[in-house]
Amino acid sequence: MKVIEHLEAATDPLISFEIIPPMRGGSLESLLGLIEDLAAHRPPFIDITSHAAEAIYEETPTGVRKRVKRKRPGTLGICALIQHKYGIDAVPHVLCEGFTREETEDFLIELHYLGIDNVLAIRGDESSHRKELEHGRSRNEYASDLVSQIGDMNKAVFLEELLDATPTDFCVGVAGYPEKHFEAPNLAADVARVQQKLDAGASYVVTQMFFDNDHYFRFVEECRNQGITAPIIPGIKVLTTKRHLTSIPSTFHCDVPTALADEVAAAPDNDAVREIGVEWAAAQSRALLDAGVPSVHYYVMGNARAINALIPRIGL
Ligand code: FAD
């Protein structure tokens, strides 16, 4: 079932999760354990992130050596597991950065044959490795270009003209930023880019994480003022370690409110931090659900411990 159909059919608010593939060489057992933990909360869909190749520099006896590798492969396999072993709709993230349009078309064909017809179309951040475009290859620069490519495939328009091509049937989600994307000049301009992605064929928006619901409500207001009517799913992350106080703002460009930051800084250890983070995220979730959001999306990444503690506290 499509994400948009889940949202439209829901009589109660939904919850969904986002996980990250393990580092190269990660164990299948721990991945299955994570999915089983999440499946127990009966999410209608689970997102799986994608990661571009990065350049890694190593010192060797003969000098510095550059290697290019994907640290977290496996998005396609994990999607197949979630969709077919657990019967939960998988939502792979599809990136512009790191992939040519030709590779993207191939990836989407794999998904189509696997019966996976939901994707989140994302630009990706500039990677330390940008491969040269070979002759005849092309690149999507912005997420809206990627949404257009997927929209074309949904109309049986592939990169080369094909006789008797059959259309794909993808439901496409895109990202939104309650505290604005860090490259955008202001929130209104950034929201106009969200509108562009929806105009290109996306059906719904999932937001970047935020720790103060006012950011989400202001973002939704700006979207509605600009005429956006698509569902806007809030993204929530549980803060679980003291290190998150610096890594989250620098990586995701979002504020940690003073009250939360002070409480975490004063916590004796990371068990106490997790409890503070769970309670904060539970309070955020309850307030969002009370305000009538269509669904809450949790950034689980690789460990379900905090989510297992949180879900029973949100009263769904
Ligand atoms: P875009 O929508 O393309 O926007 C990027 C910036 O360009 C914005 O500032 C926008 O205002 C501006 N812009 C857009 N179109 C134009 C235009 N035509 N001309 C000029 N400016 C324009 N990263 C990963 O590597 N893997 C993942 O799986 C992943 N999943 C994510 C999931 C969610 C829900 C979110 C919120 C983020 C995710 N990210 C992921 C991070 C994402 O790659 C970065 O935030 C990236 O910098 C922007 O991606 P985007 O799709 O929002 O880009």
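In this text the structure is predicted, and so the values were computed from the model without any measurement. Just the heavy atoms: all of them, side chains too, but no hydrogens, waters or symmetry mates, feed the values below. Atoms within a ligand are numbered from 1 in the order they appear, just like the ligands themselves.
Each of the atoms 9 (O), 11 (O) of ligand 1 lies under 4.0 Å from some heavy atom of A184. Heavy-atom contacts of Y299 reach the following atoms of ligand 1: 33 (C), 34 (C) (cutoff under 4.0 Å). Heavy-atom proximity to T49, at under 4.0 Å, picks out these atoms of ligand 1: 28 (O). For ligand 1, the atoms closer than 4.0 angstrom to any heavy atom of Q208 are 36 (C). The distance from ligand 1 to the heavy atoms of D190 drops below 4.0 Å at these ligand atoms: 8 (C), 9 (O), 10 (C), 11 (O).
Protein heavy atom at the shortest distance from atom 36 (C) of ligand 1 is A175 CB, 3.5 Å. I122 CG2, 3.7 Å is the protein heavy atom nearest to atom 40 (C) of ligand 1. With respect to atom 30 (N) of ligand 1, the closest heavy atom belonging to the protein is H93 ND1, 3.0 Å. Of all protein heavy atoms, the one lying nearest to atom 7 (O) of ligand 1 is Y142 CE2, 3.5 Å. Looking at atom 45 (O) of ligand 1, its nearest protein heavy atom turns out to be Y177 OH, 2.6 Å. In terms of protein heavy atoms, atom 47 (O) of ligand 1 is closest to D125 OD1, 2.4 Å. The protein heavy-atom contact nearest to atom 8 (C) of ligand 1 is H181 ND1, 3.2 Å.
The side chain of K197, and not its backbone, has at least one atom closer than 4.0 Å to an atom of ligand 1 (non-hydrogen atoms only; side chain from C-beta on). Contacts with ligand 1 closer than 4.0 Å are made by side-chain heavy atoms of L120 only, the backbone lying farther away. Counting heavy atoms under 4.0 Å from ligand 1, residue R123 touches it through both backbone and side chain. Under 4.0 angstrom from ligand 1, there are no non-hydrogen atoms of F252. Residue contacts with ligand 1 for L95 involve side-chain atoms from C-beta outward but no N, CA, C or O (heavy atoms, distance under 4.0 Å).
Geometrically, ligand 1 and S50 share a nitrogen or oxygen pair separated by less than 3.5 Å.
Results of the side-chain contact (heavy atoms from CB on, under 4.5 Å) test with I248 over M209, H253, R243 single out M209 as the only residue that passes.
Judged purely by distance below 3.5 Å, without hydrogens or angles, the side chains of T241 and N270 never pair a donor atom with an acceptor atom. Side-chain contact annotation: H93 with T49, donor-acceptor N/O pair under 3.5 Å absent. In the model, D169 has no side-chain atom that pairs as donor or acceptor with a side-chain atom of N154 under 3.5 Å. Judged by distance alone, the side chains of E221 and N225 never bring a donor and an acceptor atom under 3.5 Å apart.
Using a 4.0 Å cut-off between charged side-chain N and carboxylate O, E183 and R123 make a salt bridge. Under 4.0 Å is where a charged nitrogen must lie from a carboxylate oxygen, and between E132 and R139 no such pair does.
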Quick one, R286 with E279, criterion salt bridge (charged side-chain N to carboxylate O under 4.0 Å, His left out). Give me CA distance, side-chain angles, the key distance, then yes/no. CA-CA 11 Å; R286 288 191 296 267; E279 199 36 60; 3.3 Å; yes
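Side-chain contact check for F99 versus L146: every heavy-atom pair is 4.5 Å or farther apart. Counting heavy atoms from C-beta outward, L108 and H112 have side chains that stay 4.5 Å or more apart.
The closest donor-acceptor contact from the side chain of Q208 to the backbone of G235 lies at 3.5 Å or more, if one exists at all.
Neither I307 nor F252 shares a network with the other; the hydrophobic side chains, linked directly or stepwise wherever heavy atoms of I, L, V, M, F, W or Y lie under 4.5 Å apart, form separate groups for each.
Taking a distance limit of 4.0 Å, we find that atom 4 (O) of ligand 1 is approached by no protein heavy atom.
In the candidate list K180, H297, R193, E183, R193 is nearest to atom 19 (N) of ligand 1, counting heavy atoms.
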